[in-house]
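Every chain is numbered from 1, with letters handed out A, B, ... down the list of sequences.
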Amino acid sequence: MLDIKLLRDDSQAIAQNLADRHARVYADLGPGDGPDWAARTVERLVALDRRYLDLLQRQDECRRAANETSAGMKAVGKLEKAAQAAARELLIEEGRRLRELEKQLAVETEAALQERDEVWSRVPNLTHPDTPRGARDEDHRELRRVGVPRDFAAEGFVPGDHLAVAEALDLVDFASGAKVAGQKFYYLKNEAVLLDLALQHYALGVARRHGFTLHVTPDLAREEILRGLGFNPRGESTQIYSIADSDLCLVGTAEITLGGMLADTILEEDQLPLLLAGVSHCFRTEAGSAGQESRGLYRVHQFTKVELFAFVSAEDDASELMHAKLLAIEEEIFQGLGIPYRVIDIASGDLGGPAYRKFDLEAWMPGRGAYGEITSTSNCTDYQARRLKIRYRPLAPDGSKQKPRHVHMLNGTAVACSRALVAIFENYQQADGSVVVPERLQPVVGMERIRRR
RNA sequence: GGAGGAGUGGCCGAGCGGUCUAAGGCAGCGGACUUGAAAUCCGUCGUGGGGGUGACUCCACCGAGGGUUCGAAUCCCUCCUCCUCCGCCA
């Protein structure tokens, strides 16, 4: 959630940002509803906020009067005995009346606030000035390509897609997954299990070397935490599974459990930057996705992921530097695995609500002859921290403590095992159907090559 | 799962219907003393929001949400979390 003061001080900037992001806030008013849709959206927001402030002022005034009444009760004892009963009766009557009025106003104020925040929380974060503007695929900016895709033609064979490779080696079982849990669930088998664990072990090792504290996190979290991080657990297009008869959801990423860890806390500035890494299972409904792009392990309902998370100071460009660091770690991991990839600066129209800027790593996937997303890192600045109430006490140059500020929060994928497996199976497949194990993983997997049994 | 107990400012902790404008301590900050530091002493010090150009002022917050009352940190209800004991269990 953004600071509401932004709306009060510079509503024009909010409108411009909505336009840049093609961000729909109201169901009946969004991109495509005329050239001034963003300005009209902001007008509605301003009116909602104005209404809330007016009510708040009336409520405060009413409370002040009620407080005066009960304070007046103390003076009654000093009056003459004969006058006390009447004075008391008057105050009780007045207090009761104000209390009734206050109760009514409180309900209206609360409703107005909720209505405003419900809408305000759908307004996305501001956007980094360097983020390419646009909402089409070609609006993303490719920053660089690293590694050279293998020349399968020169090797004399046509690469298969990861599913064909894995099934031939008896590494995955989607049929049993479908029977037991439904489509897009799967079992990893044999060496794939070892590879899956080796990837986690490898990524955690890299994270630890970079100063991240390692965690295995809960796989469930409260809705309140999800909302704080900018996820919407309810609604027809939600990606989130929720647990019946409870306020719990299956997490779609450890970003939720790592980011939520520090909800409602005030940190000291010298605790920053705070670097956390976490392994969790990730569950996604993947509502409305299908097709070649989501074949096999590429898009599934459950996978394991090592996530990086950083809490940093809001001063200067601390979060931008950390964003670059997270991206560098992701690159280090995939370079270590020997997988060619490219780095994408995601365009404004494709950013998730909380993201100020986002970089994706896309691995080369020979099976489909295209790059496919394997990691993502977002700088969410203070957007998540505001709702989660995660703050720190900045130190002034003279060493004195200042008012708490919201931290900046960033997340990034170290390794999403299912997608990494896709990349490994496709890039490391051999003409004889075997798959070479990336050198880095060989010590943990315990073999150099996965062969047909 | 059952029975008890507890949640108060950054931290510890007193308060258990109006004197709370929440004691006291620790940490922090400013100052005195000191060549410097430590120790000691003095002062200062919660969070969020509204209004005002401003000195300032008003409102809310004692785990969360309801309730009783003219008035709630304090009494009642529900929930959450933690602790102790019992049961069950990988």
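- Residues in residues 120-130 of chain A take part in these salt bridge (Lys or Arg N to Asp or Glu O under 4.0 Å) pairs, two or more places apart or across chains: A/E118-A/R122.
- With no hydrogens or angles considered, no side-chain donor-acceptor pair links A/Q302 and A/Y241 at under 3.5 Å.
- The shortest side-chain heavy-atom distance between A/R209 and A/E332 falls under the 4.5 Å cut-off.
- Contact annotation: the side chain of A/H210 never approaches that of A/L308 to less than 4.5 Å [non-hydrogen atoms, C-beta and beyond].
- Counting only heavy atoms from C-beta outward, the side chains of A/V435 and A/L195 never approach each other to under 4.5 Å.
- For A/R391, a side-chain nitrogen or oxygen approaches OP1 or OP2 of B/G48 to under 4.0 Å.
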Report all interatomic pairs (protein N or O, nucleotide N or O of nucleotides 59-62 of chain B) with separations under 3.5 Å.
from: B/C59; atom 1: OP1; to: A/N67; atom 2: ND2; distance (Å): 3.3
from: B/C59; atom 1: O2'; to: A/D60; atom 2: OD1; distance (Å): 2.8

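- At a threshold of 4.5 Å between non-hydrogen side-chain atoms, the residues A/T285 and A/Q239 count as touching.
- Looking at every heavy atom in both residues, A/L250 comes nearest to A/I240 through O-CG2, 3.9 Å.
- In this structure, the nucleotide among B/G50, B/U47, B/G71 sitting nearest to the side chain of A/S70 is B/G71.
- No donor-acceptor contact under 3.5 angstrom links the side chains of A/T69 and A/E94, judged on distance only.
- With hydrogens and angles left out, the side-chain atoms of A/T253 and A/K305 include a donor and acceptor closer than 3.5 Å.
- Annotation: side chain of A/D345 is in contact with side chain of A/R357 (closest heavy-atom distance under 4.5 Å).
- Partner of A/D196 under the side-chain contact (heavy atoms from CB on, under 4.5 Å) criterion, chosen from A/T304, A/V415, A/V445: A/T304.
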Tell me, with the steps shown, if A/R97 and A/E100 meet salt bridge (Lys or Arg N to Asp or Glu O under 4.0 Å).
CA-CA 5 Å; A/R97 187 186 69 81; A/E100 278 307 310; over 6 Å; no
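- OP1 or OP2 of B/G48 has not a single side-chain nitrogen or oxygen of A/K389 nearer than 4.0 Å.
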For nucleotides 8-10 of chain B, tabulate all protein N/O to nucleotide N/O atom pairs closer than 3.5 Å, reporting atom names and distance.
none

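- Within residues 99-114 of chain A, the residues that place at least one heavy atom under 4.0 Å from RNA chain B are, in residue-number order, A/R99, A/K103.
- Proximity of A/L388 to A/L229: side-chain heavy atoms (C-beta onward) are separated by under 4.5 Å at one or more points.
- Considering only heavy atoms from C-beta on, A/Q200 comes within 4.5 Å of A/C417 through its side chain.
- Helical stems of RNA chain B (runs of at least 3 Watson-Crick or G-U pairs, donor-acceptor distances under 3.5 Å) are listed by first residue: B:1-7 with B:80-86, B:10-12 with B:24-26, B:28-32 with B:40-44, B:46-51 with B:56-61, B:63-67 with B:75-79.
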Nucleotide N/O of nucleotides 78-80 of chain B paired with protein N/O under 3.5 Å:
from: B/C80; atom 1: O3'; to: A/R222; atom 2: NH2; distance (Å): 3.3

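- For A/I92 and A/R405, each mapped to the nucleotide of RNA chain B holding its nearest heavy atom, the one lying further toward the 5' end belongs to A/R405.
- Note that A/R440 lies outside the cation-pi zone of A/Y202, set by a 6.0 Å cut-off to the ring centre and a 45° limit from the axis.
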